[in-house]
J.: 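Below are the structure tokens for one structure; questions will follow.
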Amino acid sequence: MFIGPVFTREAITAPRRPQFFVARVLLVAALLGLALTAWQVFVGSSGGGELDGPGDLARFGRVVFELLTPLVLTVAVLFSALFSAAAVSQEKSKGTLLLLLLTDLSNSELVIGRLLASLLTVLVSTLAVAPFLLLIALLGGVDHWQIAWALAVTVAAALASGSLGSMLALWREKTFQALALTAIGLVLWLALGEVIASGVLGTPLLGMNADDLAARVSPWRALTAAMEPRWGRAPALFGIDQPVATGAESAAWFVGVGVGLTMLLNAISVGMVRVWNPSRELRATPAGAASSAPRERVIAETISPTAPDESTVVVGKARGQDAAVHHAGGQSRPVWDNPVLWREVRTWAYGKKVLVVKAAYLVIFVVCALATVQTLGDAAALRSAIPPAALPMAPLLVVSLVLVNALSVTSLTGERDGKSLDLLLTTDLSPQELILGKLGGAFWNSREMIVLPLLLCGYLGWVGAVSGWELGVLMACVVVMDVFAAVLGLHAAMIYSSSRKAIGISVGTLLFLFLGVSTCMRMMLALSNTFDGQLASFLGFIVGGGLALFVALAWRNPSTAMALASFAAPFATFYAIVSFLLGSYSLVGFATVGTFGFATAAMLVPALSEFDIATGSQPTRED
């Protein structure tokens with residue numbers, strides 16, 4: 001009764017959909033494929049293709065556990081926040097949340113039931129990972145307690161991030177605001193842990209050093225502590241002492257913090273759900289609505305509740321009386337030749353609270369910029385295999401691309417959920433006006449997310465951290481990826497009639513590329529010192545990633561161009577990783593600009609030629 005019928009319905013109907021089973025199968029299959037790829041790299045780097053006994057096998061098990069467990073945590077946290085925020089936003093956009101508020105559901109049943117229903121796939125998929133990790137423990141080098149604490153940290157972080165997305169979606173009216181604030185909140189959460197770990201906040205608290213305190217706050221640091229191979233004595237469970245990793249205490253603290261944060265966020269949501277919803281716009285009641293005025297007059301007063309003037313136009317009769325509509329007072333604004341672009345640029349199409357999103361992004365930019373400046377002066381970082389400016393700039397670039405993508409996809413899904421897309425399609429708007437208008441609006445409203453990273457890149461060139469040619473290549477890659485992210489968002493919104501699925505596919509595709517890059521890079525640095533023959537080891541992962549992209553982006557309208565773009569993207573990503581680690585930055589730029597520029601054209605050209613937008617009124621292949 002505490003969870004309510006919302007979750008019960010999802011738990012009953014979810015197993016009827018193939019996607020519910022496909023998600024966990026794909027996750028475990030991807031982890032297995034990465035483990036096999038790591039095995040090929042590990043055996044190839046050992047010389048002669050043979051292992052030197054159980055010690056090498058245990059070392060391989062430990063390294064694979066440390067490589068794949070952070071990937072599971074990242075997927076769980078990101079998709080928990082994304083699914084919960086998108087689910088609530090879709091309920092609000094379609095108006096079904098108001099219907100739920102009119103029922104006898106309690107606030108807790110509504111909020112917590114919706115949260116657990118949106119997290120059902122993530123939690124079940126995380127549970128499916130447990131047997132895979134236990135198989136890795138059979139290789140040696142990993143203890144069952146390390147696996148248990150790693151899964152506990154993952155579940156606690158997923159619940160906390162999902163609660164954050166749910167609360168922000170219940171608070172904000174626009175889908176983009178909810179998604180953007182959720183993404184920025186997660187980045188600030190992780191950044192807080194890194195700031196604490198760096199020791200810049202001062203003396204240790206309560207006798208703890210900076211690393212211990214950071215592990216009790218940040219999920220990434222807590223997972224690192226849970227995976228520590230050093231041994232100690234755990235608190236007695238049922239009177240029996242158990243040997244566990246010494247980081248288990250920090251992991252246990254984080255689990256408590258995560259559960260407490262989940263309860264706090266949900267308590268706020270439960271207490272404020274009927275205060276935040278419905279919004280003020282829906283609550284507004286015209287002054288003459290309760291009078292006996294004709295229906296047309298009431299509508300006119302709702303549009304412009306001023307006194308009629310000489311410009312009043314008679315539009316019809318109601319109950320034997322003349323009904324008139326007049327324009328609002330004041331000077332009207334001229335509309336551009338492209339009305340879609342005019343609305344996106346000249347009005348608050350995404351709400352005035354989008355300024356809060358931009359202010360939060362500025363905070364992230366300042367933090368990453370200061371970290372970049374500090375890293376450039378660190379002598380130890382200069383000797384690293386990765387350029388020192390890459391580590392603090394990577395989160396900034398990822399957040400920027402995710403926000404541009406989220407703004408683009410929600411610009412069209414919002415029109416569909418608001419029932420205005422059908423009206424746009426019946427007007428004389430051309431496909432070029434609609435698509436280019438939405439793209440122009442996405443670039444204009446996310447201009448801070450595009451310009452500020454470019455300015456930071458310019459700073460690297462000004463201080464001499466990169467050469468002039470490398471600066472040009474870097475800025476070209478950033479611009480191409482920004483355009484790709486925006487076009488990808490519109491493409492997903494056009495081919496999927498479900499807003500939640502469109503947002504998940506769009507943002508998930510970007511996260512897939514970024515997670516694949518980071519995982520492959522960490523695998524190369526951890527398991528091998530050379531890059532000869534690694535293409536054969538990663539071939540299965542490349543082909544599988546290309547197939548997944550093709551299914552996600554081109555299954556509804558397959559084409560040769562989309563097939564080439566889907567299968568070329570993982571290969572180009574692998575090639576860019578190897579070139580980056582070898583210091584061939586020009587090759588990185590050519591691979592990025594060529595591949596993702598072609599993928600952008602493959603999605604954009606068909607969209608500009610004709611209207612082919614899934615509206616949900618006709619059956620599609622996804623159904």
Side-chain angles (χ1 to χ4, degrees), residues 93 175-176 334-347 349-350 404-447 450 479-507 509-510 549-550 552-566 596-623:
S93 299
T175 303
F176 169 70
V335 180
W336 300 342
D337 293 337
N338 189 337
V340 177
L341 180 62
W342 178 86
R343 176 183 178 273
E344 298 283 320
V345 174
R346 299 295 295 173
T347 66
Y350 302 95
V404 172
N405 180 262
L407 182 62
S408 177
V409 67
T410 55
S411 67
L412 199 57
T413 58
E415 301 281 4
R416 181 188 293 113
D417 294 338
K419 307 302 181 182
S420 58
L421 180 60
D422 293 335
L423 297 178
L424 290 176
L425 296 179
T426 57
T427 63
D428 58 351
L429 283 175
S430 64
Q432 295 85 356
E433 290 176 328
L434 178 61
I435 300 301
L436 295 181
K438 290 296 183 181
L439 283 178
F443 293 141
W444 172 257
N445 288 282
S446 62
R447 56 190 179 275
I450 299 175
V479 172
V480 168
M481 291 303 298
D482 284 329
V483 177
F484 170 77
V487 175
L488 174 63
L490 282 182
H491 179 74
M494 292 174 62
I495 64 176
Y496 291 99
S497 59
S498 172
S499 298
R500 182 166 54 176
K501 183 175 292 186
I503 294 171
I505 293 295
S506 178
V507 180
T509 300
L510 283 181
L549 286 178
F550 180 78
L553 301 179
W555 186 254
R556 180 172 177 264
N557 292 320
S559 65
T560 305
M562 283 303 301
L564 290 176
S566 299
F596 291 99
F598 176 77
T600 302
M603 293 183 292
L604 185 59
V605 171
L608 294 176
S609 60
E610 61 177 347
F611 285 118
D612 189 9
I613 303 176
T615 59
S617 57
Q618 70 275 5
T620 60
R621 190 172 297 185
E622 64 173 300
D623 298 331

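All of these numbers come straight from a predicted model, not from anything done at the bench. Along the sequence shown, residues are numbered consecutively beginning with 1.
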J.: Heavy atoms only: give me the nearest L407-A442 pair and the separation to one decimal.
T.: CD2-O, 3.3 Å
J.: Quick check: do L553 and L488 have side-chain heavy atoms less than 4.5 Å from each other?
T.: yes
J.: How far does CH2 of W336 sit from CG of L341, to the nearest 0.5 angstrom?
T.: 5.5 Å
J.: Identify the heavy atoms of S93 and T175 that sit nearest to each other, and give their distance.
T.: OG-OG1, 3.5 Å
J.: Is T426 reaching over with its side chain to a backbone N or O of L423, donor-acceptor style, under 3.5 angstrom?
T.: yes
J.: For F176, check ring pair (Phe, Tyr, Trp, His ring centres under 6.0 Å) against everything at least two apart and list the hits.
T.: none
J.: Kindly indicate whether the side chain of E344, heavy atoms from C-beta on, has any atom under 4.5 Å from the side chain of W444.
T.: no
J.: Would you call R416 and T413 a side-chain contact if the rule is heavy atoms closer than 4.5 Å?
T.: yes
J.: For residues D337 and W342, determine if any side-chain heavy atom of one lies less than 4.5 Å from a side-chain heavy atom of the other.
T.: no
J.: Of all the heavy-atom pairs spanning N405 and A485, show the shortest one and how long it is.
T.: ND2-O, 2.8 Å
J.: Report yes if some heavy atom in the side chain of E433 is under 4.5 Å from a heavy atom in the side chain of V340; otherwise report no.
T.: no
J.: Looking at A486 and S408, what are the two nearest heavy atoms and their distance?
T.: O-OG, 2.5 Å
J.: Atom CZ of residue position R346 - does it have more than 12 heavy atoms of other residues, nucleotides or ligands inside 6.0 Å?
T.: no
J.: Could you give the distance from CG (D482) to OG (S446), rounded to the nearest 0.5 Å?
T.: 7.5 Å
J.: Of all the heavy-atom pairs spanning G489 and S506, show the shortest one and how long it is.
T.: CA-OG, 3.3 Å
J.: Check whether any side-chain heavy atom of L421 lies under 4.5 Å from a side-chain heavy atom of L412, and answer yes or no.
T.: yes
J.: Might you work through the side chain to side chain contact (heavy atoms under 4.5 Å, CB included) test for L436 and L608, ending with a clear yes or no?
T.: CA-CA 8 Å; L436 295 181; L608 294 176; 4.0 Å; yes
J.: Does the side chain of V483 come within less than 4.5 Å of F443's, by heavy atoms?
T.: yes
J.: Apply ring pair (Phe, Tyr, Trp, His ring centres under 6.0 Å) to Y350 and list each qualifying residue two or more places apart in sequence or on a separate chain.
T.: none
J.: Hey, could you give me the OG1/CD1 distance between T410 and I503, rounded to the nearest 0.5 Å?
T.: 6.5 Å
J.: I'd like to check the salt bridge (charged side-chain N to carboxylate O under 4.0 Å, His left out) partners of R343; sequence neighbours left out, ordered by chain and number.
T.: E415
J.: Check F550 against P558 and note the closest heavy-atom contact, atom names and distance.
T.: CZ-CB, 3.9 Å
J.: Is there side-chain contact between L604 and L439, with at least one heavy-atom pair below 4.5 Å?
T.: yes
